[in-house]
Amino acid sequence: MVKSLLKNVWFMSGFLFIVLLFAASIIHTVFFDEYIPNMKLLMKDGNLIAASPLSPLQYPPFGTNKQGDSLLFKILQGAKYTIGTAILVAFLRMLFSVIIGLFYGNYLMRINRYVSKVVEAFHYLPVALLAFMLLNQVLNEKAAIGQFQYSFSERVIFEITIMTAIALPTTILLIGNETNQVLKQEFITGAKLMGASRLHIIRKHVLPHLMPRLFTQFLQQIIQVLVLLVHLGVLKLFFAGTHITVGPFGPTFSSVSGEWSGIVGNSYQYLQATPWVPLVPLVMFALTILALNFTLEGLKKSLTEVPVNRRKEGKENSVSTRTPDNPSFEFLHS
Amino acid sequence: MSSFLNRLSLKFLLTVVGLFLIGSLPALFQGIHVNFPSYVRSLVSVLDQIVHPGTIEYMQKSGSYPLFPQIFEPWFRSMSVYFLSFCLAFFLALVVACLTMLLPRKIVKVIKSVIFVLESLPDVLIISLLIIGVIWVYQKMGILVANIASYGDENKAVLLPVIVMTALPAIMLYRTMILDFEEETEKPYYELARSKGLSRQAILFIHIFRNAVIRIFLDSKYVLWFMLSNLLITEYIFNLHGLTNFMMDHPTPLIFTIGLFLLFIPIFAFLTIGQFMIEKVTVQEVEM
């Protein structure tokens with residue numbers, strides 16, 4: 001399977017995009033110490049022609065934000081938080097939902113009819129709204145005190161826990177149902193008759209059958225977390241906390257980490273004046289999601305492909321065409 | 001009929017229980033600590049207050065007001081934007097999908113890959129691009145296509161939110177329709193009809209369309225779910241004073257729960273009517 005994935009153009013292009021972006025972000029942190037070039041004033045022949053925010057034409061490729069920071073490097077700095085969070089949360093969601101889902105699919109299918117309807121309630125509300133309700137208290141800086149109630153790591157752990165937990169009921173149910181589908185197959189009955197224990201069946205039969213589904217589900221979860229991050233960013237809840245500064249023109253919101261949704265939310269109110277500042281991170285989100293969709297498509301294609309053993313085919317051909325040159329028997333009627 | 005009602009009421013009740021349990025979740029966390037007793041207390045108090053809807057009040061800066069006639073106005077605004085854009089998206093997608101099915105296969109393939117890219121765009125990006133587009137048109141031609149944001153009660157920006165909310169669902173519905181139509185063309189009756197000399201248009205509009213429309217309706221449930229997130233973002237960006245705005249301004253378990261019910265009931269009613277019609281027409285049980 002790995003070999004066919006490596007040859008798959010869809011998978012490789014999407015996968016390489018994510019990996020390169022992440023690697024570039026890490027290199028930027030480790031070797032360049034998150035250095036961000038800053039240009040507040042644009043001079044030409046000794047004359048001032050523009051002040052920050054500079055547009056992409058004045059400061060290629062992406063322009064600068066209001067503070068004069070190069071958006072290209074801001075994106076590079078934030079990439080590791082955004083992609084890292086999405087992958088981590090999606091991984092945790094999968095981990096817990098597989099563990100609980102296997103148990104659910106094995107033992108609790110009798111109550112599935114009722115539980116699935118209760119859990120369906122999760123679909124009738126915007127996920128970002130629930131996340132907002134739960135995170136609002138912790139992530140926003142208390143304007144009255146001017147500082148956060150909880151430390152950086154506490155906020156990060158809390159946010160990751162919440163983002164994992166709100167998707168768990170639906171994914172657990174999904175995996176529980178998948179497990180149950182596998183358990184209904186005939187070969188499971190065969191394995192049971194031969195004395196296999198439940199644990200053995202799960203390890204040797206259920207998990208291998210679930211694996212492809214789990215991979216695609218994992219990628220879909222990453223996409224969902226990214227979309228959730230964008231939404232929370234627009235609602236001004238940034239990853240790891242929102243720093244609120246009260247200024248003469250109303251409060252400004254900035255992100256504590258340099259995460260992408262922070263750049264979006266921070267500049268979204270100036271969409272009409274400086275459209276490139278929120279659009280650059282949004283386009284990066286779109287590209288990342290597109291790359292993940294490419295990966296997903298490639299994965300699906302290579303999973304549905306029927307493995308063909310080419311060598312065997314060749315052998316059969318050679319056997320059929322071979323003619324014995326020294327026959328050790330003679331035909332009776334020739 | 002009675003079995004239909006039985007199935008339906010069970011489903012309705014169970015989902016309401018689910019929403020009720022979700023509605024008090026904000027009380028489960030005190031800061032970053034889990035406080036289970038406070039969650040249970042909140043459940044009890046929400047239940048207690050919800051049976052006396054006349055007495056519920058919400059807090060504003062200027063004092064407290066009775067919730068119940070007041071919340072209907074933002075609710076009605078949200079729901080009109082929501083269902084208007086769904087219907088618009090549905091018919092738009094249906095017309096375009098029927099037209100594309102008449103095109104040669106090669107072009108359909110190209111269109112499908114374009115749709116694949118469009119579907120990957122986050123809704124926020126599409127909303128932003130549309131807003132920028134409207135401003136650009138205004139600057140170039142001096143025509144304000146639609147109001148960008150709402151101030152006060154007078155000129156509510158309703159047109160642009162509806163356009164914005166239509167874009168992504170239309171793309172999603174279009175894709176499912178194309179897939180459903182194509183699946184129908186692989187069935188034996190299509191080949192038979194073709195071999196008898198019926199034209200592609202005739203088969204598409206008379207046979208495929210009739211068979212696929214059920215599947216399309218069943219799939220549209222997922223689009224409706226997806227559109228709720230869209231609604232939240234659209235209301236926030238356009239400052240629409242809708243239901244989700246109201247819920248975010250008053251983040252208490254009671255108002256959150258009531259808001260969730262108000263979101264759920266119209267969608268459930270909509271889906272139920274659709275299901276009922278399909279069951280009447282096809283005389284078989286469909287699970288929504």
Side-chain angles (χ1 to χ4, degrees), chain A residues 113-130 132-138 149-150 154-155 157-159 161-162 165-166 169 223 226-231 233-236 261 264 268 271-272 275 278-279 281-283 285-294 297, chain B residues 10-23 25-26 28-34 116-117 119-129 131-132 135-136 148 221-222 224-233 236-237 244 247-248 251-253 256 259-261 263-265 267-268:
Chain A
R113 230 183 107 214
Y114 306 102
V115 175
S116 65
K117 294 286 181 290
V118 174
V119 168
E120 209 180 82
F122 272 92
H123 293 296
Y124 286 99
L125 74 162
V127 188
L129 183 64
L130 181 60
F132 178 86
M133 292 287 175
L134 298 178
L135 295 172
N136 195 13
Q137 290 295 315
V138 174
Q149 198 177 352
Y150 298 98
E154 277 174 330
R155 293 194 305 266
I157 293 171
F158 184 73
E159 181 162 8
T161 315
I162 292 291
I166 52 177
I223 295 174
L226 284 173
V227 172
L228 179 61
L229 279 175
V230 181
H231 286 174
V234 172
L235 300 179
K236 301 211 169 56
S261 64
V264 179
Y268 204 84
L271 178 70
Q272 296 159 28
L279 278 188
L282 278 177
V283 169
F285 267 115
L287 286 178
T288 313
I289 293 173
L290 190 64
L292 285 164
N293 269 330
F294 269 51
E297 201 64 16
Chain B
L10 179 71
K11 199 171 137 186
F12 181 80
L13 281 178
L14 287 172
T15 311
V16 163
V17 169
L19 286 172
F20 173 65
L21 292 176
I22 296 170
L25 279 181
L28 182 60
F29 298 97
Q30 304 251 298
I32 60 168
H33 303 288
V34 176
F116 178 77
V117 173
E119 257 197 326
S120 299
L121 303 179
D123 44 3
V124 180
L125 181 64
I126 291 195
I127 294 174
S128 319
L129 289 176
I131 294 178
I132 290 171
I135 291 169
W136 187 81
I148 309 293
K221 178 166 91 164
Y222 302 100
L224 279 171
W225 289 347
F226 166 82
M227 279 177 70
L228 280 173
S229 279
N230 250 328
L231 182 73
L232 171 77
I233 294 301
Y236 185 83
I237 289 175
T244 57
M247 284 154 85
M248 276 166 63
T252 62
F256 188 44
L260 290 181
F261 286 161
L263 278 180
F264 165 68
I265 290 166
I267 303 173
F268 187 81

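Annotation: side chain of B:Ile132 is in contact with side chain of A:Leu279 (closest heavy-atom distance under 4.5 Å). The closest side-chain heavy-atom distance from A:Gln137 to B:Phe29 is not below 4.5 Å. Side-chain contact between A:Phe132 and B:Met247 is absent, with no heavy atoms from C-beta onward closer than 4.5 Å. The closest side-chain heavy-atom distance from B:Glu119 to A:Asn293 is not below 4.5 Å. Under the 4.5 Å side-chain criterion, counting only non-hydrogen atoms from C-beta, B:Val124 is in contact with A:Tyr268.
Proximity to chain A is limited to the side chain of B:Leu232, based on heavy atoms less than 4.5 angstrom apart. When heavy atoms are compared at a cutoff of 4.5 Å, B:Leu10 approaches chain A solely by way of its side chain, counted from C-beta outward. Both the backbone and the side chain of A:Phe122 come within less than 4.5 Å of a heavy atom in chain B. Proximity to chain A (any heavy atom under 4.5 Å) is shown, for B:Leu19, by both the backbone and the side chain. Interface remark: B:Leu125 contributes backbone and side-chain atoms alike to the contact with chain A (heavy atom separation under 4.5 Å). Interface residue A:Leu134: only side-chain heavy atoms are found under 4.5 Å from chain B. For A:Leu135, no part sits under 4.5 Å from any heavy atom of chain B, backbone or side chain. Interface residue B:Ile233: only side-chain heavy atoms are found under 4.5 Å from chain A. Contact of B:Asn230 with chain A is not made at all, since no heavy-atom distance falls under 4.5 Å. In this structure, the portion of A:Ile162 lying under 4.5 Å from any heavy atom of chain B is its side chain and not its backbone. Contact annotation for A:Tyr150: only side-chain heavy atoms (C-beta onward) come within less than 4.5 Å of a heavy atom of chain B. Residue contact with chain A, scored on non-hydrogen atoms closer than 4.5 Å, is absent for B:Met227. Within the 4.5 angstrom heavy-atom criterion, atoms from both the backbone and the side chain of A:Val283 approach chain B.
The shortest heavy-atom contact between A:Glu297 and B:Phe116 is OE1-CE1, 3.8 Å. Minimum heavy-atom separation, A:Leu282 to B:Pro122: O-CG, 4.4 Å. Across every non-hydrogen atom of A:Leu125 and B:Leu228, the tightest pair is N-CD1, 3.7 Å. Residue A:Tyr124 comes nearest to B:Ile267 through the heavy atom pair CE2-CG2, 3.7 Å, listed as atom of the first residue, atom of the second, then distance.
Annotation: maximal heavy-atom pairing with chain A below 4.5 Å, among B:Pro251, B:Ser128, B:Gly259, occurs at B:Ser128. For the options B:Phe256, B:Tyr222, B:Phe20, B:Phe12, heavy-atom pairs under 4.5 Å to chain A are most numerous at B:Phe256. Interface summary for chain A: among B:Val17, B:Leu21, B:Val117, the most heavy-atom pairs under 4.5 angstrom belong to B:Val117.
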Checklist entry - B:Asp123 and A:His231: side-chain contact (heavy atoms from CB on, under 4.5 Å), yes or no, with the steps? => result CA-CA 9 Å; B:Asp123 44 3; A:His231 286 174; 2.9 Å; yes

Checklist entry - Yes or no on side-chain contact (heavy atoms from CB on, under 4.5 Å) for B:Ser120 and A:Phe294, after CA distance, side-chain angles and deciding distance? => result CA-CA 10 Å; B:Ser120 299; A:Phe294 269 51; over 6 Å; no

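The CG atom of A:Leu271 sits 9.0 Å away from the CG atom of B:Leu129 when rounded to the nearest 0.5 Å. From B:Leu260, atom CG reaches atom CG of A:Leu129 across 7.0 Å, with rounding to the nearest 0.5 Å. Between atom CG of residue B:Leu14 and atom CZ of residue A:Arg113 there is a gap of 9.0 Å, rounded to the nearest 0.5 Å.
A donor-acceptor pair under 3.5 Å is formed between the side chain of B:Thr15 and the backbone N or O of A:Lys117.
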